[in-house]
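Convention: sequence-line order gives letters A, B, ...; per-chain numbering from 1. On a predicted model such as this, the values are computed, not experimentally measured, just so you know.
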Amino acid sequence: MNCRSLAGAVIQTLDRNSCLRLLEDSSAVSHLAQTHAQVVVCGYKNDISTITKLIHKLCDFKAVAYARALFLSVPKPDLFLFNVLIRGSSNCGSPLSSVSLFTYLRNNTYLRPDNFTYAFTVSASSGIPDEKFGILLHAQAVVDGYGSDLFVGSSLVDFYFTFSKVEMAQKVFDRMLEKDTVLWNTMISGLVKNCCYEDSIAVFAKMAAGSGVRLDPTSVSSVLPAAAELQLLNIGLGIQCLSVKLGLSSHVHVLTGLISLYSKCGDMKTSKALFENIIRPDLISYNAMISGYTTNADSESSLRLFKELLGIGFQVNSSTIVGLIPVFYPFGHLLLTCGIHGFCVKSGIISNPAVSTALTTAYSRLNEIESARLLFNESKEKTLASWNAMISGYTKNGLTEKAISLFQDMQVSKMDPNPVTVTSILSACAQIGSLSLGKWVYDMIRRKGFLSNLYVLTALIDMYTKCGSIEDARKLFDDAPEKNVVTWNTMISGYGLHGHGQEAIDLFDEMMKSNIVPSAVTFLSVLYACSHAGLVDEGQKIFHSMVHDFGFEPLSEHYACMVDILGRAGKLEKALEFIQTMTVEPSPPVWGALLGACMIHKNTRLAQLASEKLFNLDPENVGYRVLLSNILSVDKKYAQAASVRQVVKQRNLVKTPGATLLEIGDIPYVFTAGDHSHPQKEAIYALLEKLSGKILEAGYKPETMTALHDVEEEEKELIMRIHSEKLAITFGLIQTNPGIEIRIFKNLRVCLDCHSWTKFVSKITERVIVVRDANRFHHFRDGACSCGDYW
DNA sequence: GTAGGGTTAG
């Protein structure tokens, strides 16, 4: 009905049927208001069925306040009207008013609730944070004899699924004498909501095979996400065939579900074909396509569809944006990310927490951690996911202290950590080697029952290996009820970290026997373990097997590992030959491994070749230049060494400062090179002096001296500044009783001199000294190191 | 029917 006829209608007196038709045809709240006036003018304001219709319509347009006011003016509302308003309030996001209406109905009227009343009120109670309302209603419904009503049953099943009470939902479902399509569908989608994907598929199969109930598009589109989540293409295919047979396959919901399934299985070609089959694709089907292209790293298509969507005038929603954003960061598209950010701000979508979380993640993955933090600070509604995104942003960028301090802020603001939070924090503990914090988190994990989560367990194993307790890690690993490839990789690389090459290989063999499919990282982990333990032949065998038995195309990282293995073993020429066989362009780490080997084996010629490549590939990296300068100095090529250092100076390249962490009890102490800030510095330097004398007597020769002949005075002093690990170890000797093991953590690789120094110190003080450097663990005992001088 | 946060190598 258009405005002119409506305006005309207002001045006419209409019969009841015309009034009702007018109500039926109203398409906005303003129309309804006029029609309301008309109803009053025509004398139907006490006609309950007309008023009920009006209230019903008002609710449809979300004018629930208006509807309630009108309801209050009705002298004797009947049950039907109560039911309409209970449902309406719930649909308008006021489930509490639904429940209070129900209570009013029971306590203050002569009316008795019927199956509709229960169904609507139970549905409403799914939207209230407190589960007690629904449980109470369930009991009352049973007492009133509606326990096996289909409508009531379906809403109860949905209610229990909403509160993750899967067993209760199942119980209600099983006890229903009669089951219809809606009840089955509720069961299928509820299981999906609770991540019981296999069960959901099983229920769907039962429904299709022997229930005698008709499948509808909702049945199919409810089960499809389960198949998609498990990437069960065969099951999906079966569902697709079935829906073709039943004539449901052209339904837009079904097609959208199939698009998502094929996308998650990596088949964008089929997804595209399905999408083209949709006669009138809606926003949700577009979203499914965009997110599909995004997860399959096709940024061009993803963006193309997004622009198409804007072009045809669709109002995009948060789902569109959240499905699009992750396509930006694998390709380093900072500008596009900023552009979308701007778009979100302008259109107001930014207020959606999922959107701002996705953007926070994007910025942090693009190493724009400050922008991420700004966005996080500005977001009004901070959900658990936004906290987690920010915390993991910090850990992924190596800003562990910030991650931990944000975690503390999170607890202050009463946000309860979940397994995702805990996983990130454990990763932070592993990074800085803080066993004390790690153990504290472990306590929390046990209290909250997160230990059954595989991510948490794996991160815990990693934390223990990186904090030095390889035995504790292994115990957790052995007791794990479930392991995936990452869990195995973590344990293998843990052994590598500690120089236990044979254990790593044994575990790898065991993994193969358990039929776990290895990943690229599996081979990297076991190869690094070989490198740390000097297992040259074993490493070569595994590399060969990786290519020929497992059909892996080696990545540049695998080559770097092999160069490392060969190079450390002194097979420098062989390493170079190996590089020349590479099918991919050698990356900086490949040449870096060769350069490192040149340092150990003092090969100036190859060092110059490797560094030339490195200076071209990675001109900003100071480490390589320092390394070359040292190699040249050792070879007495002082002029060349000086000119390498000159470049560093001229270009203002900054070397990461070395730092060492030592924990005494729960207190962490951080030392930097030449540190004079410590309150006990006098005692430290005095003991350092005393130790120096003793170890020189025992045969220690400072390694740096050989490299320093040509260095200018000022620079010499700079280099001679006592490295942080020496200060930390000395402090540890002062602070702990004889015989106690000392553990320190260094952010860079331990240098040759400190390594030698620590060996001697361990001998004369009869202490076990454990050093974790950027690369691996060194266990010093009685003048020797577990790495066999092989690092 | 579409959508946000987590573990493994270096």
Indicate, yes or no, whether a donor-acceptor pair under 3.5 Å links the base of B/dT2 to the side chain of A/Ser319. yes

Under 4.0 Å between a side-chain nitrogen and a carboxylate oxygen: does that hold for A/Lys193 and A/Asp158? yes

Where does the angle between the aromatic ring planes of A/Phe745 and A/Phe777 fall among parallel (under 30°), tilted (30 to 60°) and perpendicular (over 60°)? perpendicular

Phosphate-side-chain proximity, A/Ser291 and B/dA3, N/O vs OP1/OP2 below 4.0 Å: yes

Ignoring hydrogens and angles, are the base of B/dG4 and the side chain of A/Thr383 linked by a donor-acceptor pair under 3.5 Å? yes

Given B/dG5, B/dG6, B/dG10, which nucleotide is nearest the side-chain atoms of A/Glu557? B/dG10

Counting the benzene-type ring for Trp, do A/Phe306 and A/Tyr286 have ring centres under 6.0 Å apart? no

Rounded distance in Å - OH (A/Tyr455) to C1' (B/dT8): 11 Å

For A/Tyr363 together with A/His341, are the ring centres under 6.0 Å from each other? yes

Return yes if the base of B/dG4 and the side-chain atoms of A/Asn352 contain a donor-acceptor N/O pair under 3.5 Å, otherwise no. no

Does OP1 or OP2 of B/dT2 have a side-chain N or O of A/Lys264 closer than 4.0 Å? no

Going by the ring-ring contact (aromatic ring centres under 6.0 Å, His included) test, name the single residue among A/Trp488, A/Phe543, A/Phe508 that passes it with A/Phe523. A/Phe508

Below 4.0 angstrom from OP1 or OP2 of B/dG4, is there any side-chain N or O of A/Arg365? no

If you go through the side-chain atoms of A/Thr256, does one of them form a donor-acceptor pair with the base of B/dG1 closer than 3.5 Å? yes

For A/Tyr528, answer base if it contacts any base atom (sugar-phosphate contacts may also be present), sugar-phosphate if it contacts only those atoms, and nothing otherwise; contact means non-hydrogen atoms under 4.0 Å. sugar-phosphate

Atom CD of A/Gln431 and atom P of B/dT7: how far apart are they, to the nearest Å? 10 Å

Indicate, with a heavy-atom threshold strictly under 4.0 Å, whether A/Lys466 touches base, sugar-phosphate, or nothing. sugar-phosphate

Distance in angstrom units between A/Phe508 CZ and B/dA9 P, rounded: 16 Å

Check the distance between B/dG4's P and A/Asn418's CG and give it to me in whole angstrom. 15 Å

Less than 3.5 Å between a donor and an acceptor, one on the side chain of A/Asn287 and one on the base of B/dG1, is that the case here? no

Are OP1 or OP2 of B/dT7 and a side-chain N or O of A/Lys483 less than 4.0 angstrom apart? no

Could you tell me how far apart A/Arg280 (CZ) and B/dG1 (P) are, to the nearest whole angstrom? 22 Å

Would you call the rings of A/His251 and A/His253 parallel, tilted or perpendicular, taking 30° and 60° as the class edges? perpendicular

Nearest whole Å is fine: how far is B/dG10 C1' from A/Phe777 CZ? 16 Å

Side chain of A/Ala354 - closest among B/dT7, B/dG4, B/dG1: B/dG4

Can you tell which of B/dT2, B/dT7, B/dA3 lies closest to the side chain of A/Lys396? B/dT7

Nucleotide of B/dT7, B/dG1, B/dG5 approaching A/Thr357 most closely (side-chain heavy atoms): B/dG5

Which part of the nucleic acid, if any, lies within contact of A/Ile321, taking any heavy atom under 4.0 Å across all strands shown: a base, the sugar-phosphate backbone alone, or nothing? nothing

A/Trp488 atom CH2 is separated from B/dA9 atom P, nearest whole Å, by 17 Å

Rounded distance in Å - CG (A/Leu258) to P (B/dG1): 13 Å

